[in-house]
*Asks:* 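Got a structure for you, written out below as structure tokens; questions coming shortly.
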Amino acid sequence: MTEKNNQVNLTALAEDLVNFGKMNGADEIEVTFLDGYEFSVDVRFGKIENLVEAGSRALGMRVIRDKKTAFVSSSDLSRETLEHLVNNAIKRAALANPDEFSGLPSLSPKKVDVSPLRLFDPDIPNLNSEKKIALATEAEKIALEDKRITNSHGASFETKEIKTVLANSNGFLQEYDQSVCGLSLGLQAGDTDNKVEDYWFSMKRHYKELEPPEEIARKAVKRTIRQLKPRKIKTQKVPVIFEPMMTSWLMGFLFSCVSGISIYQKTSFLVDKLGERIGNTSLNVIDDGLLPGMLGSRPFDAEGVPCTKTPVIVNGILKNYLCNTYAARKLDLKSTGNSTGVGVNPNNFYLEAGEVSPDKIISSLEKGLILIRTLGHGLNPVTGDISRGAFGLWVEKGEIAYPVSEITISGNLGEILNQIEMIGNDLDFQSPISGPTIKIQELTVAGM
Amino acid sequence: MKKTFPLKFEDHFSFSEEVLRKILDSALSRGGDFSEVFLEYKIYNLINMEEDIIKETAESISLGLGIRVISGEQTGYGYSNDLSLDKIKKAALTAASIASASHTRKTSFLTPAHFNHNYYPVLEPLHQEPLEKKISLVKKSYHSALNSDPKIMKVKVTLLDQTQYLRIVNSEGLNITDVRPLVKLVCLAVAEKENKREAGYSGGGGRIGLEYFTRELTPEEIGQDAAKEALLLLEAELPPAGEMPVVLAPGHSGVLIHEAVGHLLEADFNRKKTSIFWNKMGKKVANSQVSIYDDPTIPHSRGSYNIDDEGTIPKKTLLINQGKLTGLLQDRLSAKLMKKSLTGHGRRQDYTCIPIPRMSNTYVDKGEYAPEEIIKSVKKGFYAQKYQGGQVEDSGKFTFSVSSGNLIEDGKLTAPVKQATLIGSNIDILNKIEMIGSDLEFGLQTGTCGKEGQSMPVSDGCPTLKITRMTVGGQS
């Protein structure tokens with residue numbers, strides 16, 4: 001084997017390291033290589049601000065001996081370093097405690113066919129830099145034609161191509177390629193002391209599916225100027241409509257509460273709730289790793305467990321926690337193919353769409369808030385409590401009356417799931433965690 | 001030849017000065033004002049204990065270099081973790097691609113630069129400390145949290161340590177190196193009572209050696225502190241909602257200053273006129289009692305550094321002086337374009353990232369009031385004690401999440417309160433800082449700040465502060 005990384009076949013190297021580990025005393029060993037290429041350009045007022053382009057490779061490794069685990073990662077892929085890291089991991093494993101739940105998943109007879117997943121777009125490597133720069137320039141230029149826009153955070157275009165190779169001592173050896181491209185734009189409106197700001201983006205695996213610059217510009221402008229001249233409101237309890245991005249944020253919080261890890265660690269309010277009603281009957285939440293072309297799709301997870309479609313909430317009943325192999329063993333469940341290695345992550349985790357249009361949801365609101373952005377932290381998975389800074393649009397008699405700012409919303413996820421009154425038909429899979437417009441019966445909105 | 005591990009920094013980057021100069025020149029081959037090579041080697045260790053066992057340890061090595069070219073307002077950047085000369089040359093040409101000038105510059109002689117300070121001397125480099133010793137710290141913290149009360153039913157302790165070697169050379173002839181230690185020991189404790197569960201958090205660390213955990217803050221104290229917060233939260237009420245006087249506890253409350261003020265004084269946001277402060281230099285933006293500093297030179301503090309990530313010697317920077325805006329946090333690019341002096345606040349997460357202006361250790365200077373006097377002055381209000389973090393946008397609107405606090409009634413701290421959000425506009429709040437305590441403290445040495453996708457270790461501090469009125473987001 002040659003020392004030059006650019007000539008090393010990562011599949012062969014992964015197999016080789018697995019064998020090296022076994023020969024040197026590892027009971028089990030798992031090797032992951034990522035081989036990535038990234039390009040990004042930021043354009044502001046028509047000029048390139050930053051341009052970054054690079055290829056890089058990285059190793060991740062798990063070594064188990066006597067049921068004791070050690071992890072490794074490295075961006076130094078020289079043979080010498082890798083062998084040292086394996087040997088050191090075997091030594092370090094001895095200092096951990098035995099854990100009967102540790103260990104690699106057994107080899108699955110099932111193998112997911114990669115090509116129907118449409119994870120890689122061959123057009124992306126062929127996009128030239130000029131085209132990429134032009135896309136960002138174009139999006140910003142269109143937005144700046146609107147005189148209400150007073151400043152720009154700039155527009156960015158990025159692409160990523162990543163090869164993942166995974167090998168383990170149970171005989172797993174597979175790889176897949178994926179690509180991502182994204183276009184985003186951030187804007188400000190109003191004078192210095194009365195500024196509002198927002199952004200819009202599109203991110204897809206396939207270049208042809210990306211929203212065109214005109215669309216990005218139109219949405220970014222609309223989202224920014226609708227916040228101009230905000231008012232403060234009095235503290236009150238009102239119905240709240242979540243826009244799709246806000247529903248995604250709520251689903252992100254729900255994900256952390258149905259993660260098998262928070263369940264066995266008892267840091268979720270959904271501990272011991274499997275099979276119980278946790279939301280109203282219209283509520284269906286799904287994790288699906290096999291949706292063709294979607295950002296969260298992949299053939300297998302970080303441990304080589306085949307990805308699948310897992311119903312999480314069905315008609316309001318909690319059906320499954322999302323687990324990696326370790327959490328599954330702890331909970332006496334099966335891995336759902338959500339492993340990141342040590343943790344779990346969503347594949348495509350979403351709230352199933354309903355039938356109502358977002359406009360109808362708004363016109364159904366006598367008086368209340370449309371939540372458009374939140375700011376800050378304030379999520380507590382242990383209790384489900386939510387408390388966040390917020391921006392919104394005030395609705396009166398089914399119509400948007402004026403923007404509001406300097407408010408906070410607070411509530412509890414457990415209560416919110418039972419208070420989802422309407423679910424929109426506008427699910428867009430904009431990110432791996434997504435959901436449509438929803439209407440919540442009542443939340444506390446704090447203002448003056 | 002068999003080498004011993006971990007390899008020395010020099011063994012990884014055994015480039016002669018001549019080779020480095022060639023790389024810098026090739027980065028300037030299409031023009032440009034400035035080129036730079038950032039070489040980094042980082043060794044990182046993690047220990048995780050939960051459910052009464054050491055679950056896993058992890059070792060990580062990060063090795064690579066980043067090449068930057070600046071041409072006017074434009075930055076080109078390439079990086080590589082493959083240190084073969086052809087890959088490095090490719091990165092240099094990528095960085096060069098933003099420039100297009102007919103004349104090119106040549107790099108002057110590289111002069112090794114020395115400095116006489118070291119803000120983080122340690123007894124033993126962290127990666128040379130035995131793993132057994134680190135594991136014993138973790139166990140001590142774990143057991144002290146678990147044993148502090150029968151209601152504590154779950155503990156998780158993590159120790160992270162890293163040693164970062166870096167070398168920066170640039171086309172102006174700079175050639176400078178630093179070695180930075182960084183440790184944090186954090187404890188999460190979950191308490192349970194009558195089916196109610198609450199989590200408490202604590203931690204410590206900094207740019208330190210392991211001796212810190214015997215001399216400054218013991219692992220046992222960290223464990224007990226996390227347990228104490230979890231137990232307190234079991235008894236806590238939901239916070240009130242609406243506008244009211246707010247008193248910020250010393251130390252942790254520095255996160256408010258970090259969010260509300262610090263970010264918007266980073267030079268890039270002011271150069272681009274996106275920050276609310278861009279047209280207010282020299283003007284009054286806060287109550288005249290308020291002075292705010294950012295100081296990267298505080299010994300052993302998490303946000304400190306001997307040189308910034310562009311090789312600049314950092315300076316303690318006065319951002320707001322008695323209510324007047326006096327300074328910004330500068331990196332090379334913004335300082336040059338704004339024709340200001342460097343302050344040494346150009347930082348980057350690692351070799352894959354372009355340096356940008358960042359905070360280090362940010363704090364409000366102490367005032368004249370006794371803390372008790374401040375609390376006594378409030379008839380009905382909110383006392384904010386511990387935080388999950390915060391966020392700000394360029395308009396000055398910010399929020400921060402309080403994990404625990406108290407009600408203030410008739411000048412006394414009363415019922416404990418959990419999970420509140422404070423929200424406001426920065427200049428408005430700065431002007432409403434009505435009283436400043438004499439008790440300046442720094443918060444937990446575990447903070448990480450995110451900007452443009454880059455995470456940096458930071459710390460912040462403040463004395464007890466009273467804000468006349470502020471919106472508290474609660475449920476009751």
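A note on names: the letters A, B, ... follow the listed sequences, proteins ahead of strands, and every chain is numbered from 1. As a basis for the values below, the full set of heavy atoms in this structure was taken, side chains included, without hydrogen atoms, waters or symmetry mates. Small disclaimer: the values here were computed from a predicted structure and weren't measured.
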*Asks:* Is the shortest heavy-atom distance from the side chain of B/F398 to the side chain of B/I429 under 4.5 Å?
*Replies:*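 With C-beta onward as the side chain, the pair touches.
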*Asks:* Using the test side-chain hydrogen bond (donor to acceptor under 3.5 Å, both in side chains), find all partners of A/Q265 that sit at least two apart in sequence or belong to another chain.
*Replies:*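 For A/Q265 the side-chain hydrogen bond (donor to acceptor under 3.5 Å, both in side chains) partners, ignoring immediate neighbours, are B/E50.
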*Asks:* Checking heavy atoms, do the side chain of A/P98, its backbone, both or neither come under 4.5 Å from chain B?
*Replies:*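 The backbone, not the side chain.
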*Asks:* Do you know which of B/N279, B/I70, B/L422, B/V190 has the most heavy-atom pairs under 4.5 Å to chain A?
*Replies:*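 That would be B/N279.
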*Asks:* With respect to chain B, which residue among A/K91, A/K47, A/K266 yields the maximal number of heavy-atom pairs within a distance under 4.5 Å?
*Replies:*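 Most pairs with chain B among the choices: A/K266.
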*Asks:* Quick check on A/L379 against chain B: is it the side chain, the backbone, both or neither that has a heavy atom closer than 4.5 Å?
*Replies:*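 Backbone only.
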*Asks:* Against chain B, work out which of A/T69, A/N151, A/T192 has the most heavy-atom pairs shorter than 4.5 Å and name it.
*Replies:*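 Going by pairs under 4.5 Å, I would pick A/T192.
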*Asks:* Backbone N or O of B/L264 within a donor-acceptor pair of the B/N270 side chain at under 3.5 Å?
*Replies:*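 Confirmed, B/N270 side chain pairs with B/L264 backbone.
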*Asks:* Below 4.5 Å from any heavy atom of chain A, which atoms of B/M49 appear? Answer side chain, backbone, both or neither.
*Replies:*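 B/M49 has no heavy atom closer than 4.5 Å to chain A.
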*Asks:* Which region of B/K280, side chain (C-beta onward) or backbone (N, CA, C, O), has a non-hydrogen atom less than 4.5 Å from a non-hydrogen atom of chain A, or is it both or neither?
*Replies:*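 Side chain only.
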*Asks:* If the plane angle is over 60° it's perpendicular, under 30° parallel, otherwise tilted; pick one for A/F201 and A/Y199.
*Replies:*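 A/F201 and A/Y199: parallel rings.
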*Asks:* Looking at chain B, which one of A/D191, A/L95, A/L443, A/T150 has the largest number of heavy-atom pairs inside 4.5 Å, strictly under?
*Replies:*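 The residue among A/D191, A/L95, A/L443, A/T150 with the greatest pair count is A/L95.
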*Asks:* Judged by modelled atom types alone, do B/R30 and B/S100 share a side-chain donor-acceptor pair under 3.5 Å?
*Replies:*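 Distance-only check fails for B/R30 and B/S100.
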*Asks:* Counting heavy-atom pairs under 4.5 Å to chain B, which of A/I133, A/D193, A/T383 comes out on top?
*Replies:*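 Among A/I133, A/D193, A/T383, the one with the most close pairs to chain B is A/D193.
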*Asks:* Answer with yes or no whether the side chains of B/T274 and A/E197 bring together a donor and an acceptor at under 3.5 Å.
*Replies:*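 Judged by distance alone, the side chains do not pair up.
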*Asks:* Aromatic ring centroids of A/Y326 and A/Y264 under 6.0 Å?
*Replies:*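 Yes, the ring centres sit under 6.0 Å apart.
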*Asks:* Of the listed residues (B/K273, B/E243, B/E56, B/E59), which shares the most heavy-atom pairs with chain A below a 4.5 Å separation?
*Replies:*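 With the most close heavy-atom pairs to chain A, the winner is B/E59.
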*Asks:* Listed by residue number, which members of residues 33-46 of chain A have a heavy atom under 4.5 Å from any heavy atom of chain B?
*Replies:*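 From residues 33-46 of chain A, the residues near chain B are A/E38, A/R44.
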*Asks:* Side chain, backbone, both or neither: which part of A/L59 has an atom under 4.5 Å from a heavy atom of chain B?
*Replies:*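 Neither part.
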*Asks:* Quick one: what part of B/I276 sits under 4.5 Å from any heavy atom of chain A, side chain, backbone, both or neither?
*Replies:*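 It is both, since atoms from each part get that close.
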*Asks:* Would you say the side chain of A/K232 lies within less than 4.5 Å of the side chain of A/V404, judging by non-hydrogen atoms?
*Replies:*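 No, too far: nothing below the 4.5 Å cut-off.
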*Asks:* Please identify, among B/F400, B/W278, B/Y387, the residue contributing the most non-hydrogen atom pairs under 4.5 Å to chain A.
*Replies:*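 So the answer, after comparing B/F400, B/W278, B/Y387, is B/W278.
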*Asks:* With a 4.5 angstrom heavy-atom cut-off, which part of A/T267 approaches chain B: side chain, backbone, both or neither?
*Replies:*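 Only the side chain of A/T267 comes within 4.5 Å of chain B.
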*Asks:* In terms of heavy-atom proximity below 4.5 Å to chain A, should B/S275 be classed as side chain, backbone, both, or neither?
*Replies:*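 Backbone only.
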*Asks:* Report yes if the side chains of A/I263 and A/L331 come closer than 4.5 Å at any heavy-atom pair, otherwise no.
*Replies:*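 In short, these two side chains touch, coming nearer than 4.5 Å.
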*Asks:* Heavy-atom count check: over 12 atoms from other residues, nucleotides or ligands less than 6.0 Å from B/K89 NZ?
*Replies:*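 Atom NZ in B/K89 is not crowded, with 12 or fewer foreign heavy atoms closer than 6.0 Å.
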*Asks:* Under 4.5 Å from any heavy atom of chain A, what part of B/K154 do you find: side chain, backbone, both or neither?
*Replies:*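 When you check distances to chain A, only side chain atoms of B/K154 fall under 4.5 Å.
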*Asks:* For the residue pair A/R373 and A/F391, would you count it as a cation-pi contact if the rule is NZ or CZ under 6.0 angstrom from the ring centre and within 45 degrees of the ring axis?
*Replies:*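 So A/R373 does make the cation-pi contact.
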*Asks:* Please tell me whether B/Y142 and B/D52 have a donor and an acceptor in their side chains that are separated by less than 3.5 angstrom.
*Replies:*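 Checked: B/Y142/B/D52 side chains pair up, N/O donor to acceptor below 3.5 Å.
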*Asks:* Check whether A/E53 gets within reach of chain B through its side chain, its backbone, both or neither, counting any heavy atom under 4.5 Å.
*Replies:*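 Contact with chain B is through both the backbone and side chain of A/E53.
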*Asks:* Side chain, backbone, both or neither: which part of A/S156 has a heavy atom under 4.5 Å from chain B?
*Replies:*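 A/S156 has no heavy atom closer than 4.5 Å to chain B.
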*Asks:* Please classify the contact of A/N380 with chain B as side chain, backbone, both or neither, using a heavy-atom distance under 4.5 Å.
*Replies:*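 Both parts, backbone and side chain.
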*Asks:* Using 30° and 60° as the class boundaries, would you call the ring planes of B/Y351 and B/Y79 parallel, tilted or perpendicular?
*Replies:*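 B/Y351 and B/Y79: perpendicular rings.
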*Asks:* Could you walk me through whether B/K451 and B/D268 pass salt bridge (charged side-chain N to carboxylate O under 4.0 Å, His left out), step by step?
*Replies:* CA-CA 12 Å; B/K451 173 179 171 187; B/D268 45 354; 2.9 Å; yes
*Asks:* Less than 4.5 Å to any heavy atom of chain B: does that hold for the side chain of A/K67, its backbone, both, or neither?
*Replies:*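 Interface part for A/K67: neither.
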*Asks:* Go through the side-chain N and O atoms of B/T399 and B/Q391 and say whether any donor and acceptor fall under 3.5 Å apart.
*Replies:*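 No, no side-chain donor-acceptor contact under 3.5 Å.
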*Asks:* Hydrogens and angles aside, do A/D76 and A/S74 bring a side-chain donor and acceptor to less than 3.5 Å of each other?
*Replies:*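 No donor-acceptor contact under 3.5 Å links the two side chains.
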*Asks:* Give a yes-or-no answer on whether the side chains of A/S410 and A/S387 include a donor-acceptor pair shorter than 3.5 Å.
*Replies:*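 No, because no side-chain N or O of A/S410 sits under 3.5 Å from a partner of the opposite role on A/S387.
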*Asks:* Heavy-atom distance under 4.5 Å to chain B: side chain of A/V342, backbone, both or neither?
*Replies:*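 Contact with chain B involves the side chain of A/V342 alone.
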*Asks:* Give the member of A/L375, A/V72, A/V382 that has the highest number of heavy-atom pairs under 4.5 Å with chain B.
*Replies:*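 Highest number of heavy-atom pairs under 4.5 Å: A/L375.
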*Asks:* Count the heavy-atom pairs under 4.5 Å between each of B/R469, B/E259, B/E51 and chain A, then report the option with the highest count.
*Replies:*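 Heavy-atom pair counts peak at B/E51.
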*Asks:* Check whether the side chains of A/S73 and B/S60 place a donor and an acceptor atom closer than 3.5 Å, and report yes or no.
*Replies:*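 Yes, B/S60 and A/S73 have a side-chain donor paired with an acceptor closer than 3.5 Å.
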*Asks:* Quick check on B/K418 against chain A: is it the side chain, the backbone, both or neither that has a heavy atom closer than 4.5 Å?
*Replies:*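 Answer is side chain: those atoms of B/K418 sit under 4.5 Å from chain A.
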*Asks:* Is it the side chain or the backbone of B/K196 that comes within 4.5 Å of chain A heavy atoms, both, or neither?
*Replies:*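 Contact with chain A involves no heavy atom of B/K196 at all.
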